[in-house]
There are 2 protein chains.
Amino acid sequence: MADETTYKDKKVITIGIVSELTGLSERQIRYYEERKLIFPERTPGGSRKYSFADVELLMEIANKIEDGVQTHEIRKEMIRAQNNLNKEVKRKMIQGQLNAQFGIRNGPFSK
Amino acid sequence: MADETTYKDKKVITIGIVSELTGLSERQIRYYEERKLIFPERTPGGSRKYSFADVELLMEIANKIEDGVQTHEIRKEMIRAQNNLNKEVKRKMIQGQLNAQFGIRNGPFSK
DNA sequence: CGTGTAAGGAATTCTGACACG
DNA sequence: CGTGTAAGGAATTCTGACACG
């Protein structure tokens with residue numbers, strides 16, 4: 001499940017390549033960062049580094065922008081989605097604790 | 001099986017990042033290319049682009065070099081491995097043809 | 001608001017060569 | 001043989017700003 005050999009999240013792609021992969025201009029990519037939609041890492045020299053996950057996210061962002069959604073709205077959507085994910089993870093961790101303490105059964109709350 | 005969402009083989013990493021990931025100097029990385037051990041793509045401007053698979057291969061190469069294996073030997077090993085792989089693929093394709101024509105059974109040659 | 005562009009500078013990468021051995 | 005390095009140049013990336021709207 002937690003595949004440690006995943007390259008999707010390693011930030012290793014420079015902005016020029018990302019521009020080619022997404023079809024977005026470097027200006028657009030930097031602007032979406034300014035609007036807090038994307039968070040590249042940096043080399044010691046200051047060059048941005050993106051992951052494949054970032055590339056995919058950028059393409060989703062581009063689609064929404066095309067649909068007339070403003071960056072501020074997109075940001076709110078992303079925060080909402082992130083909160084839901086956090087809640088989900090927390091719920092699963094608590095359930096995991098319970099299972100560990102009381103054993104795994106198949107009651108209505110064990111899923 | 002043939003996972004199309006694999007990022008492992010996309011050539012998107014520049015040499016500086018590869019150097020950080022592998023711990024090898026750019027000089028070493030370029031030299032291994034000169035010796036035909038690694039085959040990066042190029043940007044229109046001429047910069048090298050590597051994949052995660054390349055990064056892994058480079059680390060294997062580095063290990064062998066440390067063990068005193070010469071680049072020429074490493075190259076021969078790689079060619080041998082590639083040939084075996086090709087044979088394997090060909091064998092499977094032929095078997096696939098046979099299965100398609102005569103149906104799938106569990107005889108001694110169907111594996 | 002989102003994006004293009006010219007500007008100046010800094011970081012990155014490239015090649016071919018000399019050096020050591 | 002494998003690798004470091006200085007050299008000069010070209011490609012890449014960075015930031016802040018003006019422009020349009």
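Below, each value reflects all heavy atoms present in this structure, side chains not excepted, and no hydrogens, waters or symmetry copies. So you know, we letter chains A, B, ... as the sequences are listed, proteins then strands, and number each from 1.
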Checklist entry - Now, which nucleotide makes the Watson-Crick or G-U wobble pair with D:dT3, with each of the two distances under 3.5 Å? => result C:dA19

Item to check | Flag if over 12 foreign heavy atoms under 6.0 Å of NZ, B:Lys10 | outcome: no

Next on the checklist: Please confirm whether the shortest side-chain N or O distance from B:Thr14 to OP1 or OP2 of D:dT12 is below 4.0 Å.
Outcome noted: no

Item to check | Atom-to-atom span, NZ of B:Lys49 to C1' of C:dC14 - whole angstrom | outcome: 16 Å

Checklist entry - Atom CD of B:Glu26 and atom P of C:dT15: how far apart are they, to the nearest Å? => result 12 Å

Checklist entry - Between A:Phe52 and B:Phe52, what is the ring plane arrangement, given parallel below 30°, perpendicular above 60°, and tilted in between? => result tilted

Checklist entry - Do the side chain of B:Arg27 and the base of D:dT5 come within less than 3.5 angstrom through a donor-acceptor pair of N or O atoms? => result yes

Checklist entry - Reckon B:Ser47 has a side-chain N or O less than 4.0 Å from the OP1 or OP2 of C:dT12? => result no

Next on the checklist: Need to verify one output field. Residue with the more 5' nearest nucleotide on DNA chain D, B:Arg35 or B:Pro44?
Outcome noted: B:Arg35

Checklist entry - With nearest nucleotides of DNA chain D determined for A:Arg48 and B:Ile65 from heavy-atom distances, which residue corresponds to the more 5′ nucleotide? => result B:Ile65

Checklist entry - OP1 or OP2 of D:dG2 less than 4.0 angstrom from a side-chain nitrogen or oxygen of B:Tyr32, does that happen here? => result no

Item to check | Candidates D:dG4, C:dT12, D:dT12 - which lies nearest the side chain of B:Thr43 | outcome: D:dT12

Next on the checklist: Under a 3.5 Å cut-off for both contacts, is D:dG8 paired Watson-Crick or G-U wobble with anything, and if yes, with which nucleotide?
Outcome noted: C:dC14

Checklist outcome for this item: Taken to the nearest whole Å, CD1/B:Ile17 to C1'/D:dT12 is 13 Å

Checklist entry - Could you state the NE2-C1' distance from B:His72 to D:dG2, rounded to the nearest angstrom? => result 15 Å

Checklist entry - Would you say C:dG2 has OP1 or OP2 under 4.0 Å from some side-chain N or O of A:Tyr31? => result yes

Checklist outcome for this item: Exactly one of A:Ile17, A:Ile29, A:Val12 clears side-chain contact (heavy atoms from CB on, under 4.5 Å) with A:Tyr50, and that residue is A:Ile29

Checklist outcome for this item: Between A:Met59 and A:Leu21 the two heavy atoms that sit nearest each other are CE-O, 4.1 Å

Checklist entry - To the nearest Å, how far apart are B:Ile13 CD1 and C:dT12 P? => result 16 Å

Next on the checklist: My understanding is that only one of A:Arg27, A:Arg42, A:Arg75 makes a salt bridge (Lys or Arg N to Asp or Glu O under 4.0 Å) with A:Glu33; could you say which?
Outcome noted: A:Arg42

Next on the checklist: I need the CZ-P distance between A:Arg42 and C:dT12, as an integer number of Å.
Outcome noted: 12 Å

Checklist entry - When the distance from OH of B:Tyr50 to C1' of C:dC14 is rounded to whole Å, what number comes out? => result 11 Å

Checklist outcome for this item: Per nearest nucleotide of DNA chain C, the residue lying toward the 5' end, A:Ser25 or B:Ile15, is A:Ser25

Item to check | Separation of atom CD1 in B:Ile61 from atom C1' in D:dT3, rounded to whole Å | outcome: 15 Å

